[in-house]
Amino acid sequence: MKFYISTTGIGRVTISNSSGGGGGGGGGGSKGATVAITGAAAARGRLSSRTLLPVVLVLGIVLPFLFVRIAFLVLESASSSSCSSPIDCIGWRLFSGRDTSQKLKEELTRALMEVNDGNSVEGGIKGSLESFNELVKEMTSKQRDIKAFAFKTKAMLLGMEQKVHSAKKRELMYWYLASRGVPKSLHCLCLKLAEEYTVNAMARSHLPPPEHVSRLADTSFHHVVLLTDNVLAASVVISSTVENAANPENMVFHIVTDKKTYTPMHAWFAINSLKSAAVEVKGLHQYDWSEEVNVGVKQMLEIHRLIWSHSYNNLKEEDFDYEGENKNCLEALSPSCLSLMNHLRIYIPELFPDLDKIVFLDDDVVVQHDIASLWKLDLNGKVVGAVVDSWCGDNCCPGRKYEDYLNFSHPIISSNLDQDHCAWLSGMNVFDLEAWRRTNITTSYHKWLKLNLNSGLTLWQPGVLPPTLLAFEGHVHPIDPLWHVAGLGYRSSSAHGEILEAAAVLHFTGPAKPWLEIGSPEARSLWNRHVNFSNSFIRKCRILGVGG
């Protein structure tokens, strides 16, 4: 007996012996035929089962894939504008995934090009979607075609780009506005010191002490000049210079300030007197200038005010861009451009008629090394010693180029100067006052101011340096770049590590002055180390770094 598998189940065949006992010959032949037929049927059953099972398995795998593929093509074709009906698209796209992808890419590109019209896109920005999820929701719910998708996507991206641009503009404007203010702590310091001047006789004591008065006009001493109305900044400049001086007893500091700041400035240096160096504090109201100088100062300030107003009005009318020329113009529109203390440096020979050689320091500098050898520099007959070349190599300016200050589209400027020439750094300079008096630099300065006025105030941007560059042209002696490293008042400085350590003077040029919170903490730390945070006035006014 044997078993077989058929489509109807499991069968059983009984095979009898063909050489069976007598009288069974005819019957035996019949049974043999039956067995033969049954065997053939079993063979067919085995063949059908072997064929059917793989077919069923293949269909089980293929049919779901075909169903999903056809469904996807129907949905895709329904949203396509290139087919008259979904059925038209399915036939040639069923097994052509690569061609479909290419065609979809071409169609999307064409749609984006069609909505490249600025007016149509700009008109849709107001109603543009805020997020990609909203875009997908609208496209699926309203069954938009690919052109509508491209239009909405582009409008959304342009809207986001405008928001980023606007945010950058506002952030830069706020940063510059923050740099224009005077911190409450500095106001507090001036008020406390002014009060001390009125109630404390020591705060009104003579500066310098009587035994040092003779040094003020003695040319054998090293004279340092500061023009400032910032008490805290002046204290840092002088303390850092004295701390790093090999022979501080040879130094004499001349501070010139305005009438408003005179009493707190005097009180600070009278109370915190230096045992070695001599310090003189003098207010502008204490000078007895000639009528000619008074008239010249008034004209100078008036022209600078007109230049400032002209640039300010032009900036308001323009579509402000946070990069390029407008960024420099923002910096040039600083209130310091109108400060008398900044513009008076062109009158240094009149301020100190008895001196022959001085080192001028801005109030936003820190002195890191002994600067005594500056007075020994041979300027080769030039008026000013300044950093012109940079430590960063050839074709690299230490500050900016002439084109950043002057208008080279005007023939008066372009015919006299090279726009790629590096502007010399101001803020730490050696002045030979005798050579200055032999030249007509101050007169040339005023001639350029009047020429700018007659040219419609278009020769340069507001600021102290542009007319100074013109007046001192040909009278500058380059000094070693490591005497003066500037640019620490910007968000990023190219000077790092060894350069900062090697520099004799660090200058916080730029909006982020070290006494402001917007400055870089790393750069501010170089300045803060020279602030006397143990001083009672510093602590009472909570100067930056003391109790917040």
Side-chain angles (χ1 to χ4, degrees), residues 168-170 172-182 227 229 258 293-347 362 399-421 423-427 441-473 489-490 509-511 513:
K168 288 183 177 180
K169 170 184 172 181
R170 288 196 301 271
L172 183 67
M173 290 291 291
Y174 294 153
W175 193 69
Y176 273 95
L177 286 174
S179 71
R180 302 302 180 238
V182 178
L227 305 178
D229 58 0
D258 56 21
V293 173
N294 281 327
V295 171
V297 170
K298 290 179 181 178
Q299 290 179 347
M300 173 184 68
L301 292 177
E302 178 61 21
I303 294 176
H304 278 294
R305 188 190 64 79
L306 291 174
I307 296 170
W308 191 95
S309 299
H310 176 77
S311 297
Y312 177 76
N313 292 331
N314 287 344
L315 185 63
K316 286 198 304 182
E317 295 172 1
E318 293 179 2
D319 181 18
F320 177 78
D321 187 3
Y322 60 90
E323 293 179 345
E325 294 182 1
N326 284 330
K327 186 175 180 180
N328 293 335
C329 191
L330 263 181
E331 186 177 336
L333 289 175
S334 166
S336 63
C337 294
L338 301 177
S339 171
L340 173 60
M341 304 309 302
N342 281 329
H343 293 296
L344 272 181
R345 62 187 68 188
I346 197 66
Y347 282 98
D362 265 341
R400 293 177 177 173
K401 296 181 178 181
Y402 274 23
E403 64 179 350
D404 296 318
Y405 295 102
L406 305 172
N407 179 18
F408 277 86
S409 63
H410 199 289
I412 294 179
I413 298 296
S414 59
S415 61
N416 287 280
L417 301 163
D418 178 8
Q419 63 180 0
D420 293 324
H421 188 69
W424 54 274
L425 292 182
S426 66
I441 286 178
T442 303
T443 303
S444 175
Y445 181 92
H446 281 278
K447 285 183 178 179
W448 276 108
L449 286 180
K450 292 177 182 178
L451 186 59
N452 189 29
L453 182 63
N454 297 332
S455 301
L457 305 172
T458 58
L459 297 188
W460 60 76
Q461 292 181 355
V464 179
L465 195 55
T468 304
L469 293 175
L470 296 168
F472 278 88
E473 180 67 14
Y490 294 98
T509 52
K513 300 304 181 186

Is there a donor-acceptor contact under 3.5 Å from the side chain of [X] to the main chain of [Y]?
{"X": "Ser455", "Y": "Leu457", "answer": "no"}
{"X": "Thr442", "Y": "Ile346", "answer": "yes"}
{"X": "Asn416", "Y": "Ile412", "answer": "yes"}
{"X": "Asn313", "Y": "His310", "answer": "no"}

Measuring from atom [atom1] of [X] to atom [atom2] of [Y], what distance do you get when rounded to the nearest 0.5 angstrom?
{"X": "Glu473", "Y": "Trp424", "atom1": "CD", "atom2": "CH2", "result": "10.5 Å"}
{"X": "Gln419", "Y": "Asn407", "atom1": "CD", "atom2": "CG", "result": "10.5 Å"}
{"X": "Met341", "Y": "Asp362", "atom1": "CE", "atom2": "CG", "result": "11.0 Å"}
{"X": "Leu338", "Y": "Ser309", "atom1": "CG", "atom2": "OG", "result": "7.5 Å"}
{"X": "Asn342", "Y": "Asp229", "atom1": "CG", "atom2": "CG", "result": "8.5 Å"}

Quick one, [X] and [Y] - any side-chain contact, counting heavy atoms below 4.5 Å?
{"X": "Trp460", "Y": "Leu469", "value": "no"}
{"X": "Pro467", "Y": "Met300", "value": "no"}
{"X": "Phe408", "Y": "Leu417", "value": "yes"}

Worksheet item: Considering residues at least two apart in sequence or located in another chain, which fulfil the ring pair (Phe, Tyr, Trp, His ring centres under 6.0 Å) criterion with His421?
Response: Tyr402
Discussion item. Check the orientation of Tyr445 and His304. Use parallel for under 30°, tilted for 30 to 60°, and perpendicular for over 60°.
Written reply: tilted
Worksheet item: Shortest non-hydrogen contact from Ala471 to Ile441?
Response: CB-O, 3.7 Å
Worksheet item: Of the non-hydrogen atoms in Glu403 and Asp420, which two are nearest, and what is the gap between them?
Response: OE2-OD1, 4.3 Å
Can you list, pair by pair, the side-chain donor-acceptor contacts under 3.5 Å of residues 446-453, counting residues two or more places apart and other chains?
unit_1: His446; atom_1: NE2; unit_2: Tyr347; atom_2: OH; d: 2.7
unit_1: Asn452; atom_1: OD1; unit_2: Thr458; atom_2: N; d: 3.2
unit_1: Asn452; atom_1: OD1; unit_2: Leu459; atom_2: N; d: 2.9

Worksheet item: Partners of Glu302 by salt bridge (charged side-chain N to carboxylate O under 4.0 Å, His left out), sequence neighbours excluded?
Response: Arg305
Item to complete: Check the pair Thr468 / Tyr405 against side chain to side chain contact (heavy atoms under 4.5 Å, CB included), numbers first and verdict last.
Response: CA-CA 11 Å; Thr468 304; Tyr405 295 102; over 6 Å; no
Worksheet item: What's the verdict on side chain to side chain contact (heavy atoms under 4.5 Å, CB included) for Ser426 and Arg345, showing C-alpha distance, side-chain angles and the deciding distance?
Response: CA-CA 11 Å; Ser426 66; Arg345 62 187 68 188; 4.1 Å; yes
